[in-house]
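What follows is a single structure, written as structure tokens, with notes after it.
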Amino acid sequence: ALQREKTHKEQKKVGESFHDTEFTHRLKSQAQWEKFNEELLATLNMIIGAQGAPIVYVIREEEKANFDQILDYEDALIQALILEGPEFKVDARTVHQIILKNVHEDSDAYTYIKKPLLKRQDGRQDYIALKDHYAIDKPSQYGKEF
């Protein structure tokens with residue numbers, strides 16, 4: 001537990017530098033989706049959010065929280081966090097800012113998150129809208145996409 005706490009603090013410090021990361025592959029069209037998605041997942045896995053877990057939990061596939069003891073601790077925590085409340089809203093806003101910064105302004109992708117979702121500033125809704133439009137149905141490299 002002490003080692004996990006120390007690792008968590010180090011990861012939180014490292015993750016702070018990823019808030020303003022500009023992706024190598026900004027999303028402009030479906031051709032960039034896969035690389036954009038990989039960079040997004042990697043970035044969100046590096047940032048520790050308000051709930052004390054990597055903010056990739058915000059965009060996990062399953063909406064319902066479920067603690068699976070078979071998974072390693074971090075993956076189980078990502079699946080167990082509730083997707084509501086003030087801490088979730090803070091983390092979802094952070095995800096929104098990261099997505100918005102890395103979607104090319106001249107793309108149709110920008111319209112999927114800007115017009116209907118900008119006021120909400122909810123990275124989960126942004127991600128769902130982009131994934132619904134751009135993702136080709138195939139399994140994620142993680143088995144289930146977070």
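Along the sequence shown, residues are numbered consecutively beginning with 1.
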Original post:
If only atom types and distance count, is the side chain of Asn102 paired as donor or acceptor with the main-chain N or O of Ile98 below 3.5 Å?
Top reply: yes

Original post:
Hey, is the main chain of Ala50 close enough, under 3.5 Å, to the side chain of Asp91 for a donor-acceptor pair?
Top reply: yes

Original post:
Taking all non-hydrogen atoms of both residues, which atom of Gln79 and which atom of Leu71 are closest, and how far apart?
Top reply: CG-CD1, 4.0 Å

**OP:** Kindly indicate whether the side chain of Val103, heavy atoms from C-beta on, has any atom under 4.5 Å from the side chain of Leu130.
**Re:** yes

**OP:** Can you see which heavy atom on Thr43 is nearest to which on Phe23, and at what distance?
**Re:** OG1-CE1, 3.4 Å

Original post:
Under the criterion side chain to side chain donor-acceptor pair (under 3.5 Å), which of Arg124, Gln51, Glu74 is the partner of Tyr57?
Top reply: Gln51

Original post:
Would Ile99 and Leu40 count as a side chain to side chain contact (heavy atoms under 4.5 Å, CB included) if you check the C-alpha gap in whole Å, the side-chain angles of each, and the deciding distance to 0.1 Å?
Top reply: CA-CA 8 Å; Ile99 290 173; Leu40 181 64; 4.0 Å; yes

Original post:
Considering residues at least two apart in sequence or located in another chain, which fulfil the ring pair (Phe, Tyr, Trp, His ring centres under 6.0 Å) criterion with Phe88?
Top reply: none

Original post:
What is the distance from atom CD of Gln121 to atom CG of Leu100, rounded to the nearest 0.5 Å?
Top reply: 8.5 Å

Original post:
Does the Gln30 side chain pair with the main chain of Tyr134, one donor and one acceptor, at a distance under 3.5 Å?
Top reply: yes

Original post:
Taking all non-hydrogen atoms of both residues, which atom of Ala80 and which atom of Ala65 are closest, and how far apart?
Top reply: O-CB, 3.2 Å

**OP:** Calculate, to the nearest 0.5 Å, the distance between atoms CD1 and CG belonging to Ile70 and Asp75 respectively.
**Re:** 12.5 Å

Original post:
Do Gln32 and Arg26 come close enough that some side-chain heavy atom pair is under 4.5 Å?
Top reply: no

Original post:
In Å and rounded to the nearest 0.5 Å, what is the CD1 to CD1 distance from Ile48 to Ile55?
Top reply: 9.0 Å

Subject >> Transitive ILVMFWY side-chain link Ile128 to Leu41, under 4.5 Å >> reply: no

Subject >> Where Gly123 and Val95 come nearest, the two heavy atoms and their spacing >> reply: CA-CG1, 3.7 Å

Subject >> Working for side chain to side chain contact (heavy atoms under 4.5 Å, CB included), residues His96 and Asp122 >> reply: CA-CA 6 Å; His96 168 77; Asp122 182 342; over 6 Å; no

**OP:** For Val58 and Leu44, run side chain to side chain contact (heavy atoms under 4.5 Å, CB included): C-alpha distance rounded to whole Å, both residues' side-chain angles, the deciding distance at 0.1 Å, then the answer.
**Re:** CA-CA 9 Å; Val58 169; Leu44 299 182; over 6 Å; no

**OP:** Measure from the side-chain N and O atoms of Arg60 to the backbone N and O of Ile78, and report whether any donor-acceptor pair falls under 3.5 Å.
**Re:** yes

Original post:
What pairs with Lys35 under side chain to side chain contact (heavy atoms under 4.5 Å, CB included), at least two apart in sequence or on another chain?
Top reply: His25, Glu38

Original post:
Do Gln97 side-chain atoms and Thr94 backbone N/O form a donor-acceptor pair below 3.5 Å?
Top reply: no

**OP:** To the nearest 0.5 Å, tell me how far Glu39 CD sits from Thr24 OG1.
**Re:** 4.5 Å

